[in-house]
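From a predicted model like this one, the values you see are computed outputs, not experimental measurements. The analysis underlying the following values was restricted to heavy atoms, covering all of them including side chains, and did not include hydrogens, waters or symmetry mates. Letters A, B, ... are given to chains in the order of the sequence lines, protein chains preceding strands, and every chain is numbered from 1.
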There are 2 protein chains.
Amino acid sequence: MTTPGRGLHGHVLEALGPAIAAGTYPPGSVLRTDELAQRFDVSRSVMREAVRVLESMHLVESRRRVGVTVRPKAEWNVYDPQVIRWRLAGADRPHQLRSLTVLRSAIEPVAAGLAARHATAAQCAELTECALGMVAHSRGHQLEGYLLHDVAFHRVILTASGNEMFARLGDVVAEVLTGRTEHEVMFEDPDPAAVTLHVHLAEAVREGDAARAQALTREITVGALQELDILAP
Amino acid sequence: MTTPGRGLHGHVLEALGPAIAAGTYPPGSVLRTDELAQRFDVSRSVMREAVRVLESMHLVESRRRVGVTVRPKAEWNVYDPQVIRWRLAGADRPHQLRSLTVLRSAIEPVAAGLAARHATAAQCAELTECALGMVAHSRGHQLEGYLLHDVAFHRVILTASGNEMFARLGDVVAEVLTGRTEHEVMFEDPDPAAVTLHVHLAEAVREGDAARAQALTREITVGALQELDILAP
DNA sequence: CAAGTCAAAAAGTCAGACTTATATGTCACA
DNA sequence: TGTGACATATAAGTCTGACTTTTTGACTTG
């Protein structure tokens, strides 16, 4: 989706990362650099670079005389986009999807409120355009086109919030939305009510109505939570 | 605070990372691995490992025939604890502190609401203990002790939410709270109203009152925003 | 049985030679 | 004058083998 395995060490990561994320090597497992280098048919230098990257993600810890041990899940850098992708590709995809959707429900309403204050004219225009695109693809099994505009819509909101931390979650939201369309039940056309909410949200941001923007986004995210049977009554 | 520079490549990172985060090498700057290796007096292998880590944080991009170029700030993995620490140590510390406080204001209320539902008895006890500790250190310039319990309090809330993404923000909140006490204006004793809010929040969680927990946390974070003159009227 | 000692194991480090991709400049040709 | 193909220099990428350092677990010793 973003960057494929650049260089040999990248290929190794593309194989090892998902395996660790999926629990193939449970926490506490010990790997040896030399053995891994042999297994992947690369030199030790390349293998060491790969291990360094995994270490920077807190997926593993490398210690002398011991080897490379897999860390407990609770210590992983779960905000690293690559770790997120690896986990979404594995077994605990549903669990990860839930965590991320709850995260969305916390972030996006606040981001929308800020966007209503800070959005530029260009951003407002783009937002309206995305909303129109969603409407245009909301009927007749045009899920791909709908998804494209949906992702773009939320990305603009997060960016327009003016907060760098929010902006960086654009990729995460994209993964969640894409995942929902691809893997989960999404055979039918999208809920018309959701589409309307997006159109109204674009209006609210354009008019600078922070409170309404926040409330509308909260409705959208509640819908996303309900889809996954996460009730917050 | 967490992990000091382990190994030679760690020392290099401890020097290079903060420099890049501080803008010493502005985005677009080109570095050469060989030159860096000479400058830090390490072998190329070690330097390459350091560059790989910086690359995994999206701080730099390494391309053949070009060198190691610094990426634009907007692409950095700003959720990486190490990146956060590096940025907090540098010039845009105030800006970073604001971003993170806004993030807190979005996350913590939701986390508190979830904590009220999911917290175990042990977590409730720990929460009450922390709140009592805050009260005990709230007068007479015992800022260090107060901070300690404040950090622990918020960490328990985030963990008790049961959401791994929230839980991992414990370190971030710790940095923000510590930074506020250390660098910002924090000469006087903490606001008594804030202390009371924490005590009440512990109560609300213990009683499983999600709505009240959320509302109280919102008040707490609004206070944090006001301290930094971030008004959200 | 405690404390000190030793040897093996694995990561860490280094130096050097070689490979590969690619940005850029050069030159012929239209 | 512009445009294409081609050559070249450059810096990252890779591999290898030897060496160093830390740490652990076993073994010895008082």
Is it true that the side chains of A:R206 and A:T128 contain a donor and an acceptor less than 3.5 Å apart? yes

Closest of C:dT13, D:dT24, D:dG13 to the A:V66 side chain is D:dT24

Can you identify which nucleotide, out of C:dA10, D:dT16, C:dA17, has its nearest atom closest to the A:S43 side chain? D:dT16

From the set C:dA11, D:dA12, D:dT16, return the single nucleotide nearest to any side-chain atom of A:S62. C:dA11

Integer-rounded Å distance: C:dA21 P and A:L8 CG: 11 Å

For D:dA11, take OP1 and OP2 only and decide whether either is under 4.0 Å from a side-chain N or O of B:T33. no

Tell me whether the side-chain N/O atoms of A:S45 come closer than 4.0 Å to OP1 or OP2 in D:dC15. no

In terms of side-chain geometry, is the basic nitrogen of A:E55 or A:R52 positioned less than 4.0 Å from the acidic oxygen of its partner? yes

Nearest-Å distance for atom pair CG/C1', residues A:L31 and C:dA11: 13 Å

Atom CZ of A:R6 and atom P of D:dG13: how far apart are they, to the nearest Å? 9 Å

Side chains of A:Q123 and A:V205: does their closest heavy-atom pair fall under 4.5 Å? no

Would you kindly give the CE-to-C1' distance between B:M47 and C:dG12, to the nearest whole Å? 16 Å

So, does the side chain of B:R48 form a donor-acceptor pair with the base of D:dT14 at under 3.5 Å? no

Atom CD of A:E35 to atom C1' of C:dA9: distance rounded to whole Å? 15 Å

Quick one: do A:R39 and A:E35 satisfy salt bridge (charged side-chain N to carboxylate O under 4.0 Å, His left out)? Show the steps, please. CA-CA 6 Å; A:R39 174 133 53 99; A:E35 193 233 315; 3.6 Å; yes

Any donor-acceptor pair under 3.5 Å joining the side chain of B:R65 to the base of C:dA23? yes

Rounded to the nearest angstrom, tell me the gap between atom CG in A:L36 and atom C1' in C:dA11. 13 Å

Between C1' on D:dG13 and CD on B:E55, what's the gap in Å once rounded to a whole number? 12 Å

Going by distance alone, is a donor N or O of one side chain under 3.5 Å from an acceptor N or O of the other, for A:N163 and B:R98? no

Between A:E49 (CD) and D:dT14 (C1'), how many Å, whole number? 9 Å

Presence of donor-acceptor pair under 3.5 Å, side chain of B:R64 and base of C:dT20: yes

Strictly by modelled atom types, are B:E61 and B:T69 linked by a side-chain donor-acceptor pair under 3.5 Å? no

If you assign each of B:G67 and A:R63 to its closest nucleotide in DNA chain D, which residue comes earlier from the 5' end? B:G67

Let me test you: for the helix from C:dC1-D:dG30 to C:dA30-D:dT1, what is the angle between the axes at its two ends (five pairs each), rounded to 10 degrees? 10°

Name the residue from B:H149, B:H137, B:H154 that meets the ring pair (Phe, Tyr, Trp, His ring centres under 6.0 Å) definition with B:H198. B:H154

Side-chain donor or acceptor of B:R52 under 3.5 Å from a matching atom on the base of D:dG13? no

For a 4.5 angstrom cut-off between non-hydrogen side-chain atoms, does B:I107 reach B:F166? yes

